[in-house]
Each structure stands twice: as C-alpha cells, then as structure tokens.
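A short worksheet on the structure shown next.
The chains referred to below are lettered A, B, ... by the order of the sequence lines, with proteins before strands, and numbering in each begins at 1.
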Amino acid sequence: MNDAPAPNSFRNQPDERGHFGQFGGRYVSETLMPLILALEKEYTAAKSDPAFAEQFEDLLEHYVGRPSPLYYAERLTEELRKDAPEGMGAQVWFKRDELNHTGAHKINNCVGQILLAMRMGKTRIIAETGAGQHGVATATVAARFGLPCVVYMGAKDVERQQPNVFRMKLLGAEVIPVKAGAATLKDAMNEALRDWVANVHDTFYIIGTAAGPHPYPELVRDFQSVIGREAREQMLARTGRLPDLLVAAIGGGSNAIGLFHPFLDDPSVKMLGVEAAGHGLDKEHAASLAGGSPGILHGNKTYLLQDDDGQILEGHSISAGLDYPGIGPEHSWLKESGRVDYTYATDKEALDAFQLLCRTEGIIPALEPSHAVAAVVKVAREMPRDAIICANMCGRGDKDIFTVAAALGVEL
Amino acid sequence: MSRFDKAFGKGRAALVCFVTAGDGDTAAVLEALVEGGADVIELGMPFTDPMADGPAIQLANLRALGKGTTTADIFAIATAFRARHPQVPLVLMGYANPMIRRGADWFADQCKAAGVDGVICVDTPPEEDAELGPALRGAGVATIRLATPTTDAARLPTVLETATGFLYYVSVAGITGLQQASTDTIDQAVAQLKSATDLPVAVGFGVRTPEQAGAIARVADGVVVGSALVELVGKYGDNAPAKVRELTAALAQAVHTARENA
Ligand SMILES: Cc1ncc(COP(=O)(O)O)c(C=O)c1O
C-alpha cells in the first residue's frame, strides 16, 4: 500500500502469471484457459517480431492517422485563469486521439488485436461494446481484414447509441442486443464470453479496454501506449520538458493507461485518473476505485462495485463508455501503490465541461473525456501558471449529441 | 470413507443433480431430488453475472437474487439439508466473487460448518488455485475441477494437481444447457480422463433426458443434470417439487441401471 517501499519500476507489471500485485490474473472457466494461454504465447512471440511492430505502426500511421496532434488549449487555459488565484492557472494541453479514424482511441487497440487474430489464424471476431465506440472500431478493423464480426451490446445501450449501432451495421457487423441483467456493458461482456466459450476454435475476442483475463490488460495497455509515447515525445519537442500532470477519464481504463504508462517512471510527472461519479458517489455512479472494493469479475481481480455478498452492482454514468462496475487491474495496482491519483466527476460536471470545451476551443468532446476536462477545470486553477497539464482527448462527441441534447432539455 | 467415495462407489454410475439455491422452494426441491434418487447434490450459488451459464440457469440466478437470496441463506439451506440427509454429498457450485467476498478462510469455514463436501468454482482455473483452494482443502472441503474438450493431454496434469473429490468433465465447449456432445466423443474423453486419475469422473453440460444420461452412465462414474431440472423449477412454481421428483426418478433409473443393460 502507500507506505510500502516504491518498486524500482512501475513499468514492469504484470508478473508472468498476469498479476499486478494482488490484482489481475486469469479467472476464466477451464474451457477458455487453454485459449488464454495460447493468446499469451502468441502475444509474447508478436512482441519480439519486428514484422508485427512494423505492420502495427504502418496501420496506425496510414489507416488510423497517427500520430495524433498534441494541442495547446490556449483559450481554455485563459478561461480557467480568470477566476484562479494570482499566479495560478496551469497550461492545458490535449492529446487529440479524438481525431483518429472512427473518432476515439479505441481503434489503436483494435488494430493490434486484429493483427494478433490474423496471426492465430482465427476467422471470426467478437466484441462487447458500451458506447459503441469499441464496437465501431472493431467492426472497422474486421471489415478492413475481411473477417465476420459480431458485436454484443446491452439492449439499453443499443437504444441510447443508435448512430453507432447503424455505423457497425454499415461496416458489416452483426449487432446483438443483450437483454440480460441491466442490459448494459457488463451484460454485453458476459454474453461475449459465452459466445467465446462456445466458439473457441475459430473466434477471437477483441476486448475493448485494459481489463479481462491476462494477457488482455497487458496487451491492450501496450497497444494503447502509443498515446503516451507520442505525447511524451511531442511534449519534449514542443516545450523541452515533461508535463507536470496527466489527466484521463476511466471506464475500464484503456485510454488512461495508454497515456500514463510511458510516463510511470518519470517521477516528476503526476497522474490523475477520473472516474464517472454519475449522480454522485452516494447515489448511482460508476466509480469503482472511489466507491468499490476488490473482487473478481470478467476474468480479473480488481476494484468492483459490489454488495456485501459479492453481487455486482450496476454502474451509472451519463457516458455509456464509462458505465462499467469495474476497472482494469493495473489501475487498481497503481492506486494501491500510490503512483497514480484517482478522482471523479459527476454527470453534471461532465456536461458543464463538455459545453465549456465546445465554446472555448471549438472541440466537441465525447462525454468520456468530458470527465477528464471536468477534473482539469478543478485542478488547473490550483496549479501555477507555468505548470503543464496534458489531458487525453480520447474521443469526439458526435455520438453524444443526442444524449447531451436530452440532458439539456433540447428537442432535436 | 468420504461421502463422495460412498456415492461414487456403488458399482454403478451416480446421478448428480444441480439446482440453483433460492430459486423456488429450494428445501422442497432438494427433498424431491433425494426422493427421486439423486446421489450427489450440486447447489448453485446465484450470481449477478453467470458468464458460463446458458439462458435456463441465468434466469434461475435472476429469480433467486430477485427474491433476495443471500450467501447466509445459501448456507442455511445447506445446513438444513445436511441435518436431514447425513449421507448425501453436497457441492456448492458458483462463481469466485461471492465465494471470496468475506475471505477464502471465512468461506471455507462456512462450508465446513454447513456440511458442504466440495466446491466447484467455475471461474477459478488451477492457475488461480491460491485464491480459494488451500483454504477449502485445509477445511476438508474438496476442490472439484472441471476438465473440458479444450483441456488437452499436456494440460490435464495441471488440472488434476489440485483436483479433489471428483472430476467434472464438461462435455461441450460452451455454456450450460444447450447442445450435447456425441456419445462417442464422451466415451473417448472419459476413457482418457480415467486413465489419468483415480478420481471419479462425472460428465455434464447438455444432459437432459434419461436416454442421454443412461448412455453416459455406461462409461462415466457420474452424470450431471442441471438445466433440465432448473427449467422445471422455473416453470412449475409451487408444483415444481413433484415434477422434479418425476424427472429425477426417470434419470436415476436410467443412470443406475445403465451398466446392467449395456
Ligand atoms: C471515447 C471513449 N473514451 C473512453 C472510454 C472508456 O474506456 P477506457 O477507460 O478503456 O478508455 C470509451 C469507451 O467506450 C470511449 O468511447
């Protein structure tokens, strides 16, 4: 915990059994276990294969549109300085992963995983999705590589994310609404796991966040780490120094770990993960670290929203992409090790931040990174003017305009 | 001699019956299973996210949780069952999170106190045995492992290393309650498993009818039936125990006499 001696490096997790301290692991049924082991073997081989890296980087550059820009948000910075104490008001920069093909960071991971699927000779792709961004990104790479794709999506999310459902269908994917449980992301993940167990021989499961059984948290992190590697280089090139604070929204934690991981051994760089506090931590929310406790779900041990008997509670967030009652295991470990700080933003704070960014910067953010912006609004005023904050703009808001309109009482 | 040894040591196959705790009048359903001729009882611990289960058992989980079934209720059911039936082996089957919620030692102590003979934790493979295994075995509670069609010869020793009580062969790669594997494949798999272990081998997943159960009982030490019973509980409400007794009796007849007829 916080007073344990700091490890030599925060970047050498997980151990060979997929554990990040007490978190992570491979809590899957025996049917899946051999497949998980095969995936781990394949990923280990791919990691040391220059051809794999070359293919990945080529697709990121020419298909996804990387590197994404690092942008100094001057008007937002000035706006936040207006009511900051004398000499305060940090510079706010954004890593612009919302400019990626398909509009979010999700595609980075999907490109990596579909290349693994091809290496393993799998001929069918499945995925779960909440907001639909990961579903769209998966459908996109499946189309690009000519593989059939089935996306499981909670029936409630199908309702509130119609544009993304149609996008997936245009891309040739079959979208299966999941009615079980609360019919959101957690239930979609259960259903994807059930499909996988029944189709292990030909199916590759592209998990959308840095969670699930080992090696998923590790490989999703590695594929998303392109965000942090680029940001580090770009920041050094533009300002000659490292940022003082990184900020990212957390659903399962993939955009956050992607930004954070390359900086974990830079002691001067502080980090802040922002969970979704929904209606408030004392009401319905999706903040597993702030309001949950360690448990086992979906293949890994991590912080979960659960009751006294270990039954999983429903998450709530205005952002469908943050509406998950768990979090990737590496974040649980980073929290307990004290290396990363975690906070939260409510639906209302995220909505306010959404509008602020629209008007000050001409950027319509997704509701997920709006949570990160909400945290930036709070902390920038408490940091000196020469401090640098780099926040992850991990998705664009086109998919969310209907939700935002409804929340603001506007009829479209 | 453990209750498992006795149940599987009768010179004929044992009928293993699964129902979900808290679904319907569980005490009455358990009585019906024993009266019908079940040799081993598997009591499902309801969980909000039963990832390895098909529609029938998913719904049973939701019904049980919807009625407010708690972990304490499950142990109360187990304790009462043990008092009425000192000899019938009782297994808890479920997912890891409710089992570890208050700590593995707490769970193991509760199992022991309630007279539970073994635990099947669906989402804890041998690689994560440390989570629950030492605590359970330390309390004299068996850790029943699953072997599946994807468990190849190279992996089987890993599975067997921490397996106690009996070995549960999941005959299809898939979720509970749907299709069944062919008799040939099951015969082959059971022969392979039995050459690798002295533990009794019970076969389940997708077994619904006395005919299917009887065919498996020719070669296996036990036959597990779950979804077909759980569906009766869901469908017949207060009248479920009678229906459950009827199906169990037909299954038991087929399973217990399979080798005579072979
Ligand atoms: C734009 C965007 N950001 C963030 C998330 C949350 O996922 P993660 O925490 O894995 O980045 C999602 C999930 O759908 C998303 O679409």
Side-chain angles (χ1 to χ4, degrees), chain A residues 16-19 22 24-38 40 178-182 186-203 212-214 293-302 304-314 325-326, chain B residues 45-55 58-59 61-62 64-65 68-74 94-102 107 120-128 130-132 145-152 154-156 158-159 168-170 172-176 178-179 205:
Chain A
E16 70 286 351
R17 293 168 52 240
H19 288 241
Q22 65 152 318
R26 294 175 282 213
Y27 296 89
V28 296
S29 65
E30 175 59 25
T31 310
L32 288 181
M33 200 57 212
L35 201 78
I36 292 285
L37 294 170
E40 183 187 346
V178 178
K179 297 190 185 72
K186 152 177 105 75
D187 311 288
M189 194 146 181
N190 291 335
E191 209 56 33
L193 284 164
R194 290 182 188 117
D195 178 314
W196 198 24
V197 151
N199 297 290
V200 278
H201 55 287
D202 67 352
T203 296
H214 177 64
S293 53
I296 294 169
L297 180 70
H298 292 152
N300 60 147
K301 186 186 251 192
T302 191
L304 301 172
L305 301 182
Q306 55 180 327
D307 71 10
D308 289 346
D309 276 339
Q311 306 296 347
I312 307 303
L313 304 174
E314 295 300 335
Chain B
M45 295 179 66
F47 183 45
T48 39
D49 295 82
M51 289 150 294
D53 285 299
Q58 282 178 47
L59 287 173
N61 279 265
L62 288 182
L65 293 174
T69 305
T70 63
T71 302
D73 295 335
I74 297 165
Y95 295 83
N97 202 47
M99 296 186 186
I100 62 152
R101 182 68 173 115
R102 296 178 178 86
F107 184 71
I120 303 173
C121 185
V122 178
D123 54 349
T124 302
E127 281 77 0
E128 303 292 350
E131 194 68 50
L132 264 174
R145 290 272 171 233
L146 307 175
T148 72
T150 59
T151 312
D152 59 18
R155 178 169 169 73
L156 188 56
T158 310
V159 171
Y168 186 150
Y169 179 64
V170 172
V172 284
I175 51 180
T176 53
L178 301 181
Q179 75 284 42
F205 273 50

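Judged as a side chain to side chain donor-acceptor pair (under 3.5 Å), and not counting sequence neighbours, B:Thr69 has no contacts. With sequence neighbours left out, A:Asp187 forms a side chain to side chain donor-acceptor pair (under 3.5 Å) with no residue at all.
Using a 4.5 Å cut-off between heavy atoms, B:Asp53 touches chain A through its backbone atoms (N, CA, C, O) alone. If you measure heavy-atom distances from A:Asp307 to chain B, the contacts under 4.5 Å come from the backbone alone. For B:Pro46, the part lying near chain A is the backbone, with the side chain staying farther off; criterion is any non-hydrogen pair under 4.5 Å. Heavy atoms of B:Gln58 lying under 4.5 Å from chain A belong exclusively to its side chain. Residue B:Leu59 does not touch chain A at all, counting heavy-atom pairs closer than 4.5 Å. Both the backbone and the side chain of B:Leu146 have a heavy atom closer than 4.5 Å to some heavy atom of chain A. For A:His298, the parts sitting under 4.5 Å from any heavy atom of chain B are the backbone and the side chain alike. Contacts between B:Ala147 and chain A at a heavy-atom distance below 4.5 Å involve the backbone alone (N, CA, C, O). Only the side chain of A:Leu304 comes within contact range of chain B, judged by heavy atoms closer than 4.5 Å. For A:Ile312, the parts lying under 4.5 angstrom from a heavy atom of chain B are both the backbone and the side chain. Within the 4.5 angstrom heavy-atom criterion, no atom of A:Leu313 approaches chain B.
Of all the heavy atoms in B:Pro125 and B:Arg145, the pair that sits closest is C-NH1, 3.9 Å. Across A:Leu297 and B:Phe47, no two heavy atoms sit closer than the pair CD1-CZ, 4.1 Å.
With chain B as partner, the option from A:Pro213, A:Pro34, A:Gly18, A:Ala180 having the largest number of non-hydrogen pairs under 4.5 angstrom is A:Pro34. The greatest number of non-hydrogen atom pairs below 4.5 Å with chain B, out of A:Glu191, A:Arg17, A:Lys186, is found for A:Lys186. Residue with the most contacts toward chain A among B:Thr124, B:Thr151, B:Leu62: B:Thr151 (heavy-atom pairs, distance under 4.5 Å). Note on A:Asp195, A:Val28, A:Leu193: by heavy-atom pairs under 4.5 Å with chain B, the leading option is A:Val28. Among B:Gly54, B:Pro149, B:Pro50, the residue making the largest number of heavy-atom pairs under 4.5 Å with chain A is B:Pro50. Heavy-atom pairs under 4.5 Å with chain B peak, among A:Ser293, A:Gly25, A:Ala198, at A:Ala198. Highest contact tally toward chain A, considering only B:Gly174, B:Ala72, B:Pro126, B:Pro55, is held by B:Gly174 [criterion: heavy-atom pairs under 4.5 Å].
Salt bridge annotation for B:Glu127-B:Arg155: present, with a cationic side-chain nitrogen under 4.0 angstrom from a carboxylate oxygen. A salt bridge links A:Asp309 and B:Arg102; the closest N-O separation between the charged side-chain nitrogens and carboxylate oxygens is under 4.0 Å.
For B:Asn97 (side chain) and A:Gly310 (main-chain N/O), a donor-acceptor pair under 3.5 Å exists by modelled atom type. Side chain of A:Trp196 to backbone of A:Leu32: no donor-acceptor contact under 3.5 angstrom is found. Under a 3.5 Å cut-off, the side chain of A:Ser29 and the backbone N or O of B:Ala52 do not form any donor-acceptor pair. Looking at B:Glu128, its side chain never comes within 3.5 Å of a backbone N or O of A:Tyr27 through a donor-acceptor pair. Checked by atom type and distance alone, the side chain of A:Gln306 pairs as donor or acceptor with a backbone atom of A:Pro294 at under 3.5 Å.
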